[in-house]
Amino acid sequence: MNKIHLSKVGKDIANANIVKQKRERAVLQNGELYYKIWVPNWTQAKIVEHAYKCGFYNDRNTNSVLGLIYDESGPRGYIQRKGKTIVDNGDDKSWKNLTKMVSKKQCVEFLQEVMTLSLEVDGTFSDFAPSNIIIFEGGVNLIDLESFRSFDLIFDRKTALYENFDLDAWWKPHETAKRDVNKYFKSYFKECLGIQFEFDIDSRENYKRALNELLNY
């Protein structure tokens with residue numbers, strides 16, 4: 001992944017409009033580019049870098065990303081090109097627009113790759129919500145890239161080396177990730193593919209079980 005020093009894009013960021021700002025990070029827009037910027041040494045700063053190094057993010061599911069932003073403190077964010085959002089009128093929990101914007105074949109292939117890669121790298125995109133999906137050049141792309149979590153954190157309440165979380169933090173990193181993985185993956189299965197299953201995706205074994213449901217689709 002291309003690495004860009006913060007000083008090289010400082011003027012572009014200074015002239016950008018704030019889209020969203022939340023505690024340690026902000027999303028800014030300048031023309032067709034979005035800049036996700038976070039404070040130095042943020043607890044989630046190493047996650048995106050890891051997800052690229054292990055191959056979870058690639059030139060298919062994040063080909064809209066131009067590069068990762070760095071400075072002397074380490075990772076500081078990334079630059080992503082504008083795509084088409086799939087949320088409608090603020091409804092960030094419905095997948096209905098995805099099935100209108102891409103074929104069912106694409107819906108299957110995208111989910112299959114995400115879940116297969118997840119098992120290979122022992123982690124997944126925990127905040128797999130419609131609001132974190134865009135369509136870029138006809139393909140399905142992930143945004144909010146720091147949402148990757150290790151299966152250790154999601155299923156075992158342990159942190160990987162790249163996860164500097166306080167597991168007792170007020171926002172409950174483990175409980176939130178475990179809840180969201182189950183909720184959003186199951187809703188994708190149901191709304192995009194018409195697949196419903198009774199079990200929860202609450203372990204590595206059940207994650208594999210869900211993928212097998214997809215492979216047999």
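What you are looking at is a predicted structure, and each value in this text was computed from that prediction instead of being measured.
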So does [Y] get a backbone contact from the side chain of [X], meaning a donor-acceptor N/O pair under 3.5 Å?
{"X": "Arg76", "Y": "Trp38", "value": "yes"}
{"X": "Asn132", "Y": "Asp144", "value": "no"}
{"X": "Thr62", "Y": "Val65", "value": "no"}
{"X": "Glu49", "Y": "Lys46", "value": "no"}
{"X": "Thr99", "Y": "Lys96", "value": "yes"}
{"X": "Gln106", "Y": "Gly138", "value": "yes"}
{"X": "Gln21", "Y": "Leu28", "value": "no"}
{"X": "Lys186", "Y": "Phe199", "value": "yes"}
{"X": "Gln29", "Y": "Gly31", "value": "yes"}

Check the side chains of [Y] and [X] for a donor-acceptor pair under 3.5 angstrom, ignoring hydrogens and angles.
{"X": "Ser64", "Y": "Asn141", "result": "yes"}
{"X": "Asp202", "Y": "Asn182", "result": "no"}
{"X": "Tyr78", "Y": "Glu146", "result": "yes"}

Under 6.0 Å from the six-membered ring centre of Phe197 and within 45° of its axis: does the NZ or CZ of Arg209 meet both?
no
Can you see whether Tyr70 has Lys3 sitting over its ring - NZ or CZ less than 6.0 Å from the centre and within 45° of the normal?
yes
Same apolar cluster: [X] and [Y], side chain cutoff 4.5 Å:
{"X": "Leu145", "Y": "Leu33", "result": "no"}
{"X": "Phe185", "Y": "Ile143", "result": "no"}
{"X": "Val181", "Y": "Leu214", "result": "yes"}

Under the criterion side-chain contact (heavy atoms from CB on, under 4.5 Å), which of [options] is the partner of [X]?
{"X": "Tyr35", "options": "Asp12, Val19, Val27", "result": "Asp12"}
{"X": "Cys54", "options": "Val121, Leu117, Asp122", "result": "Val121"}
{"X": "Asp152", "options": "Lys158, His174, Arg157", "result": "Lys158"}

What pair of heavy atoms forms the shortest contact from [X] to [Y], and how long is it?
{"X": "Ala45", "Y": "Pro75", "value": "O-CB, 3.2 Å"}
{"X": "Ile4", "Y": "Gly67", "value": "CD1-CA, 4.1 Å"}
{"X": "Ser126", "Y": "Asp180", "value": "O-CB, 3.4 Å"}
{"X": "Cys192", "Y": "Leu98", "value": "SG-CD2, 4.0 Å"}

Once you round to the nearest 0.5 Å, how far does [atom1] of [X] lie from [atom2] of [Y]?
{"X": "Glu213", "Y": "Met115", "atom1": "CD", "atom2": "CE", "value": "10.0 Å"}
{"X": "Glu109", "Y": "Lys104", "atom1": "CD", "atom2": "NZ", "value": "13.5 Å"}
{"X": "Ile201", "Y": "Ile154", "atom1": "CD1", "atom2": "CD1", "value": "10.5 Å"}
{"X": "Asn97", "Y": "Lys84", "atom1": "CG", "atom2": "NZ", "value": "12.0 Å"}
{"X": "Phe56", "Y": "Asn61", "atom1": "CZ", "atom2": "CG", "value": "6.5 Å"}
{"X": "Ser147", "Y": "Phe125", "atom1": "OG", "atom2": "CZ", "value": "4.0 Å"}

Determine whether Ile133 and Phe110 satisfy the following criterion, side-chain contact (heavy atoms from CB on, under 4.5 Å), listing intermediate values before the conclusion.
CA-CA 11 Å; Ile133 301 292; Phe110 173 68; 4.0 Å; yes
Please confirm whether the ring centroid of [X] lies under 6.0 Å from the ring centroid of [Y].
{"X": "Tyr57", "Y": "Tyr52", "answer": "yes"}
{"X": "Tyr207", "Y": "Phe151", "answer": "yes"}
{"X": "Trp171", "Y": "Phe165", "answer": "yes"}
{"X": "Phe189", "Y": "Trp95", "answer": "no"}

Should we count NZ of Lys172 as having more than 12 external heavy atoms under 6.0 Å?
yes
Taking the basic N atoms (NZ, or NE/NH1/NH2) and the acidic carboxylate oxygens, is any pair closer than 4.0 Å for Glu113 and Arg60?
yes
So, do [X] and [Y] sit near enough that their side-chain heavy atoms are less than 4.5 Å apart?
{"X": "Leu167", "Y": "Thr159", "answer": "yes"}
{"X": "Arg204", "Y": "Asp156", "answer": "yes"}
{"X": "Arg149", "Y": "Lys178", "answer": "no"}
{"X": "Asn30", "Y": "Asn15", "answer": "yes"}
{"X": "Leu111", "Y": "Phe128", "answer": "yes"}
{"X": "Ile47", "Y": "His50", "answer": "no"}
{"X": "Cys107", "Y": "Val102", "answer": "yes"}

Stepwise side-chain contact (heavy atoms from CB on, under 4.5 Å) check, Asn164 with Trp42
CA-CA 8 Å; Asn164 296 320; Trp42 183 37; over 6 Å; no
Would you please test Asp71 and Ser7 for side-chain contact (heavy atoms from CB on, under 4.5 Å) and show each step?
CA-CA 8 Å; Asp71 69 6; Ser7 63; over 6 Å; no
Test side-chain contact (heavy atoms from CB on, under 4.5 Å) applied to Ile195 and Lys190, step by step:
CA-CA 5 Å; Ile195 300 174; Lys190 181 179 178 180; over 6 Å; no
